[in-house]
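All of these numbers come straight from a predicted model, not from anything done at the bench.
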Amino acid sequence: MAQIVLHALLLFLFTFTPATVAEGATPNVVNFGAKPDGETDSTNAFLSAWGRACSSTTPTTIHVPLGRFSVGKVVFKGPCKNKGITVRIDGALVAPSNYDVIGNGGNWLHFDEVDGVAVFGGVLDGQGIGLWECKRSGKICPTGATNLGFSNWKNIVMNGVRCVKSQMFQIVIDRCENVRVEGVKVSAAGNSPNTDGIHVQLSSRVTILNSTIATGDDCISIGPGTTNLWIQNIACGPGHGISVGNELEEAGVENVTVKAVTFAGTENGVRIKSWGRPSNGFARNILFQHVTMLNVQNPIVIDQNYCPHQNNCPGQVSGVEITNVTP
């Protein structure tokens, strides 16, 4: 029954398409002062282009042409009058080389409280190598920023985006509904800390398809409050694979399908993890199907005493109820 529901939800998700967003205005970030030289700060130009699209009442495409555009922390804030915004990136967005500039900002590029947006193509370069080295050295460092964050969104399409060298998580989907991610390429060095590829939490009806993810941590991590998640045709490596749950206060995770995924050289394949402490959380109706594992240390892991780095471990029995997991 759970799979029938998931298939129905997936078909519903496919009905959302931003086909109309090519119509109407097409503001080019260069016309707002952005410079494709990789050095000039173009943050305000991107915000101005977003403001124009957000205030429009007709479908609008923001165009980022070829070149490298240096931008600081950017929040593309809604709600918008426009429910048909496309961001089409032909070039690359580059974070500041000094990791302190965005290192404690949570997200580098952040879309918040928007309904009906599509992001196509381009490279998002978080320039996180310096911060990774700082963390590995044991020095006091910023937490790090996620390359691309979505929160409080509905009806999202992301296709063909290449996300590289994020300081921390690569892509975060938080409190969103009806999301389709397809054809993305995510990469970070194998020894880069806390660089999960795609993290989903408190979200429903999320589909991740036909993508390649290689990071130093989880390929895809599934946080609390995630329901009706479909993952298919993903290549994962070399980090930890796909993980379900890891928060101190666990909300429920249910109706998750992981299908036709290849893990190559990862520490873990598929993993369900929860802290060893009382909880009302649960993980249920989880299906792993047609999974291929090549040189994987731990193919399937269910860990109910999760405590990373064995630091401040609760030392209790997990209260998270795990049921109906099908490998």
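Closest non-hydrogen pair, P65 versus V30, comes out as CG-CG2, 3.6 Å. The shortest non-hydrogen separation linking G67 to P36 is CA-CB, 3.9 Å. Nearest heavy-atom pair across P27 and T60 is CD-CG2, 3.4 Å. Summarising the geometry of Q167 relative to K135, their closest heavy-atom pair is O-NZ, 4.4 Å, with the distance given to 0.1 Å. S166 and N147 get closest at one heavy-atom pair: OG-N, 3.0 Å. The heavy-atom pair separating D125 from K165 by the smallest distance is OD1-CE, 3.2 Å.
Within the 4.5 Å cutoff, side-chain heavy atoms of T86 are placed close to those of F120. Looking at heavy atoms from C-beta onward, S187 lies in side-chain contact with V164 at the 4.5 angstrom threshold. Counting heavy atoms from C-beta outward, Q170 and L148 have side chains that stay 4.5 Å or more apart. Side-chain atoms of S211 and V186, non-hydrogen and from C-beta on, never get closer than 4.5 Å to each other. N324 is listed as a side-chain neighbour of T326, based on a closest heavy-atom distance under 4.5 Å. Using a 4.5 Å heavy-atom threshold, the side chains of C176 and V206 count as separate. In this structure, S274 and Q304 have side chains that are in contact, with non-hydrogen atoms separated by less than 4.5 Å. Within the 4.5 Å cutoff, the side chain of S318 has no heavy atoms near those of the Y306 side chain.
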Going through the distances and angles, do V179 and W153 end up as a side-chain contact (heavy atoms from CB on, under 4.5 Å)? CA-CA 9 Å; V179 182; W153 266 40; 5.9 Å; no
V184 vs C163, side-chain contact (heavy atoms from CB on, under 4.5 Å): CA-CA, chis, key distance, verdict: CA-CA 8 Å; V184 302; C163 196; over 6 Å; no
Run S70 and E39 through side-chain contact (heavy atoms from CB on, under 4.5 Å) and show every step you take. CA-CA 6 Å; S70 176; E39 297 180 358; 5.8 Å; no
Report the C-alpha separation of K154 and D115 in whole Å, then their side-chain angles, then the decisive distance to 0.1 Å, and conclude whether the salt bridge (charged side-chain N to carboxylate O under 4.0 Å, His left out) test is met. CA-CA 5 Å; K154 293 181 180 179; D115 185 354; 5.7 Å; no
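Heavy atoms of other residues, nucleotides or ligands lying less than 6.0 angstrom from CZ of R162 number 12 at most. Remark: K77 NZ is packed, more than 12 non-hydrogen atoms of other residues, nucleotides or ligands lying under 6.0 Å away. Other residues, nucleotides and ligands contribute at most 12 non-hydrogen atoms within 6.0 Å of the NZ atom of K185. Heavy-atom contacts from other residues, nucleotides or ligands closer than 6.0 Å to CD of E321 number 12 or fewer.
Listed for the S192 side chain is no donor-acceptor partner under 3.5 Å among the backbone atoms of G190. A donor-acceptor pair is defined here as one N or O able to donate and one able to accept, closer than 3.5 Å; no such pair exists between the side chain of T266 and the backbone of F263. S56 contributes no side-chain N or O that, together with a main-chain N or O of N82, makes up a donor-acceptor pair within less than 3.5 Å. Within the 3.5 Å criterion, the main-chain N or O of I300 finds no donor-acceptor partner in the side chain of N298.
Exactly one of T257, V256, N255 qualifies for a side chain to side chain contact (heavy atoms under 4.5 Å, CB included) with L287. That residue is T257. Each of T262, N210, T212 was checked for a side chain to side chain donor-acceptor pair (under 3.5 Å) with N233, and the lone residue meeting it is N210. The one candidate from I208, V181, I198, I173 that meets the side chain to side chain contact (heavy atoms under 4.5 Å, CB included) condition with M158 is V181.
Put simply, CG on D218 and NZ on K273 are 4.0 Å apart, with the number rounded to the nearest 0.5 Å. Here the straight-line distance linking atom CZ of F288 with atom CD1 of I231 works out to 8.5 Å at 0.5 Å rounding. A distance of 6.0 Å separates CG in L209 from CD in Q232, rounded to the nearest 0.5 Å. Between the CZ atom of F76 and the CD1 atom of I85 there is a distance of 10.5 Å, given to the nearest 0.5 Å. One finds the CD1 atom of I213 at 5.5 Å from the CD1 atom of I234 (value rounded to the nearest 0.5 Å). Rounded to the nearest 0.5 angstrom, I171 CD1 and H199 NE2 are separated by 12.5 Å.
Put simply, V301 and I322 are part of two different groups of oily side chains (I, L, V, M, F, W, Y) that touch within less than 4.5 Å, one to the next. Cluster membership for L124 and I62, using ILVMFWY side-chain heavy atoms within less than 4.5 angstrom, is shared. Linking Ile, Leu, Val, Met, Phe, Trp and Tyr whenever their side-chain heavy atoms come within less than 4.5 Å leaves V172 and V157 in two separate clusters. F69 is not connected to V94 by any chain of hydrophobic side-chain contacts under 4.5 Å among Ile, Leu, Val, Met, Phe, Trp and Tyr, and they are in different clusters. If you chain together hydrophobic residues whose side chains sit under 4.5 Å apart, Y99 and L93 never meet in one group.
Donor-acceptor pairing under 3.5 Å is recorded for the side chains of D90 and H63. Under 3.5 Å, the side chains of D217 and T215 contain no donor-acceptor pair of N or O atoms.
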Extract all donor-acceptor atom pairs below 3.5 Å that involve side chains of residues 101-111 and protein atoms in other chains or at least two apart in sequence.
{"unit_1": "N104", "atom_1": "OD1", "unit_2": "T143", "atom_2": "N", "d": "3.3"}
{"unit_1": "W108", "atom_1": "NE1", "unit_2": "V71", "atom_2": "O", "d": "3.1"}
{"unit_1": "W108", "atom_1": "NE1", "unit_2": "G72", "atom_2": "O", "d": "3.2"}
{"unit_1": "H110", "atom_1": "NE2", "unit_2": "S151", "atom_2": "OG", "d": "2.8"}

